[in-house]
Amino acid sequence: MDKVTPRTLSGFMELLPERQALFDLMVAKLRDTFSLYAFTPLDTPLIEASDVLLAKGGGETEKQIYRFTKGDSDLSLRFDLTVPLAKYVALHAGQLTFPFRRYQIGKVFRGERAQRGRFREFYQADIDVVGDGALDIINEAEIPSIIYRCFRALGLEKFVIRVNNRKVLTGLFAIFGIGEKAHAVMQVVDKLEKIGEDKVLSLMTNELLLEPSQASQILSVITCHDSGEDPLLKLSAFRGRNDTFDTGLSELETVLRLMADFGVPASHVRLDLTIARGLDYYTGTVYETTMSGHPEIGSICSGGRYDDLAGYYTEKKLPGVGISIGLTRLFFILENQGYLNDVLLFAPSDVLILPMTGDMGPSVALATALRENGLRVQIYSENKKFKAKLAYADKLKIPFVVFLGEDELKNNVISVKDMTTGAQVSAPFEDALTRIKTGIASRCNGLPIKEPNQE
RNA sequence: GUGGGUGUAGCUCAGUUGGUUAGAGCAUCGGAUUGUGGUUCCGAGGGUCGAGGGUUCGAAUCCCUUCAUCCACCCCA
């Protein structure tokens with residue numbers, strides 16, 4: 001009979017057990033950090049009614065969304081966690097307490113061509129604060145500081161949180177008299193780092209039909225950081241000529257100042273006027289975080305302020321600020337940069353019990369006793385050759401193997417083999433337990449813990 | 001959606017101008033060693049050379065088609 005070829009679709013990640021355990025450790029670390037900042041966990045369905053997910057409509061979303069029908073239902077897989085949040089908040093606004101601080105970690109789906117660092121199914125970790133009617137700007141500084149803490153908690157050091165403000169850009173473009181082209185200009189400016197100044201300049205003059213003098217003036221402001229100038233200083237020269245600009249600049253100054261108070265060192269923050277983000281719902285502060293050594297992976301974290309999150313679902317005005325971490329990308333960066341090397345000792349259990357008697361009773365009782373002492377224990381119950389049993393422990397990197405046979409039972413001891421050193425001793429239960437526990441304690445079974453303040 | 005590269009064992013890849021029975025490393029399994037793993041040694045299994053068609057005495061190799069995959073663009077986490 002012909003077998004179906006087992007395969008995993010391109011762009012869908014599937015990990016072997018050891019790497020999966022590491023991935024889960026990463027996620028656990030993030031959850032802990034989010035909790036520190038008083039965010040509450042949330043989960044929403046993977047599948048939603050298509051009209052709900054596509055309420056915003058148009059563009060890439062519609063092209064990339066996985067959409068299907070089941071009977072008469074028109075359904076779609078969520079392509080981010082922000083739209084489901086908007087629906088959730090609009091739907092349950094009456095029962096929620098605002099400001100609503102939630103985090104959500106889950107899979108999202110995008111039907112685009114897979115590439116390095118680009119998946120069709122990937123995990124996002126979102127944190128958002130949603131206000132009722134109003135939301136203080138302090139949140140716009142706290143959110144990126146959480147990102148900083150998360151990344152440091154994972155052991156990452158070489159990353160930069162780029163901050164910008166859309167009001168500053170739109171205001172600036174209005175001052176230059178190209179307000180109606182602001183959106184298109186932002187899109188082009190966003191490419192600066194990728195295609196370079198000359199190409200952006202030619203796009204601006206040739207495609208967007210800006211005056212060459214306008215274009216170069218705009219660029220000189222936007223790229224002033226590269227020429228060693230202080231962007232804030234450069235920008236303040238334009239103060240007083242456009243209300244939106246003035247508001248944006250004040251916001252930007254406040255956010256940058258508060259971020260420092262929230263504990264983000266200047267080395268990890270950068271006012272970058274080139275980031276604009278194509279996403280429509282950002283109205284103020286925007287963030288983008290990239291790894292210094294990995295430009296090819298692109299952004300692993302981005303977000304910003306939106307004034308009207310749930311406008312497609314409700315009359316209620318619900319402003320918010322949020323950020324989204326691309327966990328699947330983040331995981332590959334952690335692996336590639338060797339941050340997980342320290343935890344390669346990860347094993348699913350601390351002790352493997354090899355029963356040497358026909359009666360499994362004593363082994364089961366031993367397993368129970370060890371588990372009651374907090375050890376992760378597994379009984380090898382398969383009828384294999386002895387060497388195969390030890391090889392099993394070896395392959396899974398289980399640090400201790402316990403033998404329980406006639407000799408041990410007779411003398412009321414257990415034999416413990418330390419798989420790292422090869423040393424083996426027979427000792428009474430309590431003695432053996434201490435031995436194992438000390439051994440386990442010296443192993444690293446978590447992600448490296450680095451406190452943000454220990455620079 | 002547009003453009004380019006690559007498809008040979010479970011994985012990473014060799015394979016000469018087209019020429020006998022398609023190879024290596026790793027992995028797997030067996031043995032050396034039936035109450036002792038990792039190292040070593042010996043051995044074994046595993047392939048419709050992505051698929052279909054064509055040229056040829058002869059195709060993994062050349063041509064066409066198709067599928068898959070990777071990269072770049074678009075867009076994005």
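Since the structure is predicted, the reported quantities are computational estimates derived from the model, not experimental observations. Chain letters run A, B, ... following the sequence lines, proteins first and then strands; every chain starts at 1.
- In this structure A:F151 satisfies the ring-ring contact (aromatic ring centres under 6.0 Å, His included) test together with A:F159, sequence neighbours excluded.
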Give me the distances for all protein-to-nucleotides 1-6 of chain B N/O pairs that come in under 3.5 Å?
from	atom 1	to	atom 2	distance (Å)
B:U2	O4	A:R113	NH1	3.0

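- For A:Q20, the side chain to side chain donor-acceptor pair (under 3.5 Å) criterion is met by A:D24, not counting sequence neighbours.
- Every side chain to side chain donor-acceptor pair (under 3.5 Å) that A:E14 has, sequence neighbours left out, goes to A:T8.
- Contacts of A:F34 classified as ring-ring contact (aromatic ring centres under 6.0 Å, His included), with partners at least two apart in sequence or in another chain: A:Y103.
- For A:R67, the side-chain contact (heavy atoms from CB on, under 4.5 Å) partners at least two apart in sequence or on another chain are A:S50, A:L54, A:E62, A:I65, A:D74, A:S76.
- With sequence neighbours excluded, the residues that form a side-chain contact (heavy atoms from CB on, under 4.5 Å) with A:T421 are A:D418, A:A423.
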Contact state string [nucleotides 30-48 of chain B, B base, S sugar-phosphate only, - no protein heavy atom under 4.0 Å] = -S---BBBB----------
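- Here A:Y392 lies out of heavy-atom contact (under 4.0 Å) with every strand.
- Scanning for side-chain contact (heavy atoms from CB on, under 4.5 Å) contacts around A:I47 gives A:F68, A:L75, A:L77, with sequence neighbours left out.
- Side-chain contact of A:D128 with A:Y306: a donor-acceptor pair under 3.5 Å is present, judged by distance alone.
- Annotation: salt bridge (charged side-chain N to carboxylate O under 4.0 Å, His left out) contacts of A:D272 (sequence neighbours excluded): A:R162.
- Under the ring-ring contact (aromatic ring centres under 6.0 Å, His included) criterion, A:F262 pairs with no residue, sequence neighbours left out.
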So what is the 5' to 3' dot-bracket string for RNA chain B, if pairs are Watson-Crick or G-U wobble with both distances under 3.5 Å, crossing pairs use [ ] and | means the partner sits on another strand?
-> (((((((..((((.....[...)))).(((((.......))))).....(((((..]....))))))))))))....
